[in-house]
Amino acid sequence: MAWVLLAVAGLLEVGWAIGMKFTEGFTRLWPSVFTVAGIVASMLLLAQAAKTLPIGTAYGVWVGIGAAGAAVLGMTVLGEPVTAARVLFITLLLVAVVGLKATSGH
């Protein structure tokens, strides 16, 4: 169950990271409300997952999902540049996330 919570926390991190783009520096009410709610929910789920998973693994997976997801959405939805180097490094992030899970012992 901790891995499911962690995966959802990571997806929420993607959501709030992308949401920050739409808050315009937290000057727009509803995008700001949704972004802050996503931050809080993501942190709460991370904390729950960290009760049973090693914190280094939980945090690393959470950050990896968030960073890779935000980068992919930035390229596919927000029109950020797609380069071979960016794709390579996103792939490396995902390999690291899988490696952390595989070696966590849980």
Side-chain angles (χ1 to χ4, degrees):
M1 185 63 171
W3 285 107
V4 172
L5 295 175
L6 187 57
V8 173
L11 293 173
L12 285 168
E13 185 186 7
V14 173
W16 68 254
I18 294 297
M20 285 179 42
K21 182 80 170 172
F22 297 97
T23 69
E24 295 180 15
F26 291 100
T27 60
R28 296 182 61 214
L29 177 62
W30 290 112
S32 298
V33 167
F34 291 126
T35 298
V36 170
I39 291 169
V40 170
S42 181
M43 291 282 183
L44 289 172
L45 291 174
L46 172 61
Q48 283 299 114
K51 286 181 177 180
T52 57
L53 298 174
I55 190 60
T57 299
Y59 184 72
V61 168
W62 180 72
V63 168
I65 292 170
V72 168
L73 283 179
M75 290 186 290
T76 58
V77 176
L78 301 177
E80 294 176 0
V82 179
T83 65
R86 290 187 86 187
V87 172
L88 170 68
F89 290 118
I90 291 167
T91 302
L92 290 174
L93 270 171
L94 295 174
V95 167
V97 166
V98 171
L100 283 170
K101 168 140 182 20
T103 60
S104 73
H106 285 93

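By convention here, the first residue in the shown sequence is residue 1. Source: prediction; values computed, not measured. Every heavy atom of this structure was used, including side-chain atoms; hydrogens, water molecules and symmetry mates were not.
Every pair passing salt bridge (charged side-chain N to carboxylate O under 4.0 Å, His left out) that includes a residue from residues 65-85 is listed here, sequence neighbours excluded: Glu80-Arg86. Listed by first then second residue, pairs satisfying side chain to side chain donor-acceptor pair (under 3.5 Å) with a partner in residues 10-19 number zero, not counting sequence neighbours. Residue pairs satisfying the salt bridge (charged side-chain N to carboxylate O under 4.0 Å, His left out) criterion with at least one member in residues 31-50, sequence neighbours excluded, are absent. Listed by first and then second residue, the side chain to side chain donor-acceptor pair (under 3.5 Å) pairs that reach into residues 41-52 are Ser42-Trp62, Gln48-Lys51, sequence neighbours excluded. Among pairs with a residue in residues 21-45, none fulfils ring-ring contact (aromatic ring centres under 6.0 Å, His included), at least two apart in sequence or across chains.
Within 6.0 Å of the CE atom in Met20, the count of heavy atoms belonging to other residues, nucleotides or ligands does not exceed 12.
Hydrophobic clustering (side-chain heavy atoms under 4.5 Å, transitive across Ile, Leu, Val, Met, Phe, Trp, Tyr) groups Leu100 together with Leu53. Hydrophobic cluster membership differs between Leu78 and Val72, with clusters built from Ile, Leu, Val, Met, Phe, Trp and Tyr side chains linked at under 4.5 angstrom.
Annotation: side chain to side chain contact (heavy atoms under 4.5 Å, CB included) contacts of Ala84 (sequence neighbours excluded): none. Every residue two or more places apart in sequence or in another chain that forms a side chain to side chain contact (heavy atoms under 4.5 Å, CB included) with Val63 is listed here: Tyr59. With sequence neighbours left out, the side chain to side chain contact (heavy atoms under 4.5 Å, CB included) criterion links Thr103 to no other residue. For Leu73, the side chain to side chain contact (heavy atoms under 4.5 Å, CB included) partners at least two apart in sequence or on another chain are Val14, Ile18, Thr76, Val77.
Not one N or O on the side chain of Thr35 forms a donor-acceptor pair closer than 3.5 Å with the backbone of Ser32.
Val97 approaches Gly60 most closely through the heavy-atom pair CG2-O, 4.4 Å. In terms of heavy-atom proximity, Pro54 sits nearest to Ser104 at CG-O, 4.2 Å. Scanning all heavy atoms of the two residues, the minimum distance from Ile65 to Gly10 falls at CG2-C, 3.5 Å. Residues Ala2 and Ala49 share a closest heavy-atom pair of O-CB, 3.5 Å. The two atoms that bring Leu93 and Ala67 nearest to each other are CD1-CB, 3.9 Å, heavy atoms only.
Here the CG atom belonging to Leu6 is positioned 6.5 Å from the CG atom belonging to Leu46, to the nearest 0.5 angstrom.
In the hydrophobic clustering, Val98 connects to no other residue, as no ILVMFWY side-chain heavy atoms lie under 4.5 Å from its own.
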